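Please read the structure below before turning to the comments.
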Amino acid sequence: MILQKWALIPLLLIGLVVTACEEIEEEKPWLQVERPEMLFTDTTLMDSYDKGVLAWKLKTAYLERWSDKEVVFVRPVLVDIYDSLGERTAFLRADSGRMDLKFTYVYAYGHVYALTPKGASVRSDSLIWNKGDNLVTTESYVRVVSEEGDVLQGRGFVSDAHMDNWRILSNVTGIFQDAARRLKEEDKSQAKEIETRDSAQAANPAPAPAPAPTAKSAPSAAPVSSSATQSAAKSAESDSLKKAAAKAATKMEMDLFKKIKNRSERAKAKPRDAE
């Protein structure tokens, strides 16, 4: 009997400890966990229209919106861009993005990749589409690979909403594929265009412009024939020959006169010597 009583003591102690713990523990308060007002964890589509025509379509696998913010967060960002005929011409991909509920802008960030309708690819850290000016822009570093395989890099990027016409804003560097060959082909093309234009101008010459009217036209001179011109030239030549002959004759006469005068002077001097 004594052994049985000692065996019950540990059990009574354990019961007292458990009861004391239950009395010490307080009831935990209810914790409110902040949750988004809107949450989609499945494929979600959002469309944007320009004057009733589908401009682009956004597809994502996760979308959330908080009650205190008029902003929707999505990840990933998958945007398909359409032309006026409803054909998909370009697309944009990014890790994450956000937009307002009125779709006035879409901000894509994290490994942004876009493909233009002409086949050029654009990579950047972020891209922003603004509905006000309908442009896609960024101030981040961009890398563009053109449809010919040229690699262009720089800071800042601007494009139309369809990614059809774009340009890099500053610090542009590039690597051009087969630059020498392409320059030669461009020179040949330009030379051919110039030759074609010159041939067309030679075949259809432009009419000569009419003379500008004058305040008072001077009387036109009578036409002169070639025979009259020749006779006038001969007459002038004859006059010059006559003048030259007259001049020569006068000189001969003067020389002769001098000779005669000298002879007469010498004849007069001889009798004086004889005396």
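Values below: every heavy atom of this structure, side chains too, minus hydrogens, waters and symmetry copies. Remember, predicted model here, so these are calculated numbers, not experimental data.
The closest donor-acceptor contact from the side chain of R93 to the backbone of V79 lies under 3.5 Å.
Rounded to the nearest 0.5 Å, atoms CZ (R143) and CD1 (I168) are 10.5 Å apart.
Cluster membership check: L63 shares its hydrophobic cluster with F103, using side-chain heavy-atom separations under 4.5 Å among Ile, Leu, Val, Met, Phe, Trp and Tyr. Placement of L78 and L54 in two distinct hydrophobic clusters is found when ILVMFWY residues are connected by side-chain heavy-atom separations under 4.5 Å, directly or transitively. No path of Ile, Leu, Val, Met, Phe, Trp and Tyr side chains, each step under 4.5 Å between heavy atoms, connects V145 with V142, placing them in separate hydrophobic clusters. The hydrophobic clustering, which links ILVMFWY residues whose side-chain heavy atoms are closer than 4.5 Å, places M46 and V77 together. In the hydrophobic clustering of ILVMFWY residues, with side-chain heavy atoms under 4.5 Å counting as a link, F176 and V122 come out together.
You'll find the side chain of T138 reaches within 4.5 Å of the side chain of L127, heavy atoms only. Residues R65 and L101 have side chains in contact (heavy-atom distance under 4.5 Å, counting atoms from C-beta outward). No side-chain heavy atom of D100 sits under 4.5 Å from any side-chain heavy atom of E70. Taking 4.5 Å as the limit, every side-chain heavy atom of V72 sits out of range of all side-chain heavy atoms of M38.
Members clustered with Y107: W66, V71, F73, Y105, Y109, I128, by chain and number, using a 4.5 Å side-chain heavy-atom cutoff among hydrophobic residues.
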message: For V136 and M163: C-alpha separation, side-chain torsions, deciding distance, then whether side chain to side chain contact (heavy atoms under 4.5 Å, CB included) applies.
response: CA-CA 8 Å; V136 177; M163 302 290 288; 4.1 Å; yes
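Residue pairs meeting the side chain to side chain donor-acceptor pair (under 3.5 Å) criterion with at least one member in residues 42-57: none, sequence neighbours excluded. Sorted by first and then second residue, the pairs that involve residues 110-124 and meet side chain to side chain donor-acceptor pair (under 3.5 Å), not counting sequence neighbours, are D95-H111. The side chain to side chain donor-acceptor pair (under 3.5 Å) analysis of residues 153-168, with sequence neighbours excluded, yields the pairs Y141-Q153.
Judged as a salt bridge (charged side-chain N to carboxylate O under 4.0 Å, His left out), and not counting sequence neighbours, R98 has no contacts. Evaluation of the ring pair (Phe, Tyr, Trp, His ring centres under 6.0 Å) rule for Y82 yields no partner, not counting sequence neighbours.
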